[in-house]
2 protein chains.
Amino acid sequence: MKAGRALKLWQEICLSQVLDEMPDLSLRQTTILLTIYLEPPPHTVRGLAAKLNVTKPVITRALDTMGALELVNRRRDENDRRNVLIQRTVRGSVYLEKLADLIIDKYGETA
Amino acid sequence: MKAGRALKLWQEICLSQVLDEMPDLSLRQTTILLTIYLEPPPHTVRGLAAKLNVTKPVITRALDTMGALELVNRRRDENDRRNVLIQRTVRGSVYLEKLADLIIDKYGETA
DNA sequence: GCATACTGTTACGCTAGCGAAATTATTGGC
DNA sequence: GCCAATAATTTCGCTAGCGTAACAGTATGC
């Protein structure tokens, strides 16, 4: 892959997201969502904050927003009730499937 | 490219951007920047607003922000002084070169 | 049982983004 | 010359994000 193609790919994916009616997720929100879906559970606020090198309220707020969109679910850890476990949802899976399709599609187009 | 790899690629690129000290550009800002650099000039506020399907103040504000970061430059069109022509900068080129390297790098890693 | 440590959330003051509407500057029709 | 059209910006009220600091709930050591 060459630089021009990489940037063109990136541009088209970003543009598709901007044009999409779904309110844009921020870079941080997207990163959190992908981490929850791609890396093995359990996922906690503290763990995500450490991985992204941001403060815990950033994670709490992102979970509030994405929770309202039903992309993510929160649940108390019954083993240690201080923890909150972050879980996947059907809607979140669908959202990421569509994102994957978009990437693959644009990757093919720029070939 | 399969779905899992596409998402992993996307996650790693997003994470790198989040971890980077440079203040994150929003999806819209990134799209504007890429469009300016990848598509043939001239670029105007109106043209970009139409392409992204957003209002003109969104473009004005994005140019303010990215102008302050010296990623982009504004110049009056001397032919029709109502227009503003948006131009590339050295710093913007460097920024996108680094982005391209990152994409290529992560694409290689996920292979 | 009580102090301490730890987890996630809330409160606070602030900044940046948003769309709609008003405003300024410029052009072109007539 | 003047009026309507056009391009970009500014203003308005609003929402959502940010980090710091304070807070509430839970677990653990002694």
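None of these values were measured; they are calculated from a predicted model. Chain naming here is simple, since letters A, B, ... match the order of the sequence lines and numbering starts at 1 in each. Any value given below was found using the heavy atoms of this structure, including those in side chains, with hydrogens, waters and symmetry copies removed.
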Whole angstrom is fine here: how far is it from [atom1] in [X] over to [atom2] in [N]?
X: Asp64(A); N: dT9(C); atom1: CG; atom2: C1'; value: 9 Å
X: Leu63(A); N: dT9(C); atom1: CG; atom2: C1'; value: 11 Å
X: Ile32(A); N: dC18(D); atom1: CD1; atom2: C1'; value: 13 Å
X: Asn73(A); N: dG8(C); atom1: CG; atom2: C1'; value: 16 Å
X: Arg46(A); N: dG25(D); atom1: CZ; atom2: P; value: 21 Å
X: Ile59(A); N: dG17(D); atom1: CD1; atom2: C1'; value: 13 Å
X: Lys56(A); N: dA22(D); atom1: NZ; atom2: C1'; value: 12 Å
X: Leu52(A); N: dC18(D); atom1: CG; atom2: C1'; value: 14 Å

**Request:** Taking the side chain as every heavy atom from C-beta outward, state whether Tyr107(B) and Arg5(B) have any atom pair closer than 4.5 Å.
**Result:** yes
**Prompt:** For the residue pair Val72(B) and Leu63(B), what are the closest heavy atoms and their distance?
**Reply:** CG1-CD2, 3.8 Å
**Request:** Looking only at non-hydrogen atoms, find the nearest pair between Ala62(B) and Gln29(B) and report the distance.
**Result:** CB-CG, 4.1 Å
With respect to the side chain of [X], which nucleotide from [options] is positioned closest?
X: Val58(A); options: dT7(C), dG19(D), dA8(D); answer: dG19(D)
X: Pro57(A); options: dT10(D), dA21(D), dG8(C); answer: dA21(D)
X: Val84(A); options: dG8(C), dG19(C), dC18(D); answer: dG8(C)
X: Val45(B); options: dT9(D), dT9(C), dC18(D); answer: dT9(D)

**Message:** By nearest heavy atom, map Thr44(B) and Ala62(A) onto DNA chain D; which one lands nearer the 5' end?
**Reply:** Thr44(B)
All N/O pairs under 3.5 Å across the protein-nucleotides 23-29 of chain C interface:
unit_1: dT27(C); atom_1: OP1; unit_2: Arg81(B); atom_2: N; d: 3.3

**Prompt:** So with a 6.0 Å cut-off around CZ of Arg75(B), is the heavy-atom count from everything else above 12?
**Reply:** no
**Asked** Within a reach of under 6.0 Å around CZ of Arg46(B), are more than 12 heavy atoms found that belong to other residues, nucleotides or ligands?
**Response** no
**Message:** How long is the straight-line distance from CG of Leu38(A) back to CG of Leu96(A), given to the nearest 0.5 Å?
**Reply:** 7.5 Å
**Message:** Using 0.5 Å steps for rounding, measure from the CD1 atom of Ile103(A) to the CD1 atom of Ile13(B).
**Reply:** 8.0 Å
**Asn83(A) side-chain N/O to dG8(C) phosphate OP1/OP2 under 4.0 Å** = yes
**Asked** dG8(C) phosphate, OP1 or OP2: any side-chain N/O from Thr60(A) under 4.0 angstrom?
**Response** no
**Prompt:** Can you get from Leu85(A) to Leu71(A) by hopping between Ile, Leu, Val, Met, Phe, Trp and Tyr side chains that sit under 4.5 Å apart?
**Reply:** no
I'd like a list of close polar pairs between nucleotides 12-16 of chain C and the protein, N/O only, cut-off under 3.5 Å.
none

**Request:** For residues 47-63 of chain B, pull every pair meeting side-chain hydrogen bond (donor to acceptor under 3.5 Å, both in side chains), keeping only residues two or more places apart or in separate chains.
**Result:** Glu39(B)-Lys51(B)
**Message:** Under a 3.5 Å cutoff, is there a donor and acceptor pairing between the side chains of Tyr95(B) and Tyr37(B)?
**Reply:** no
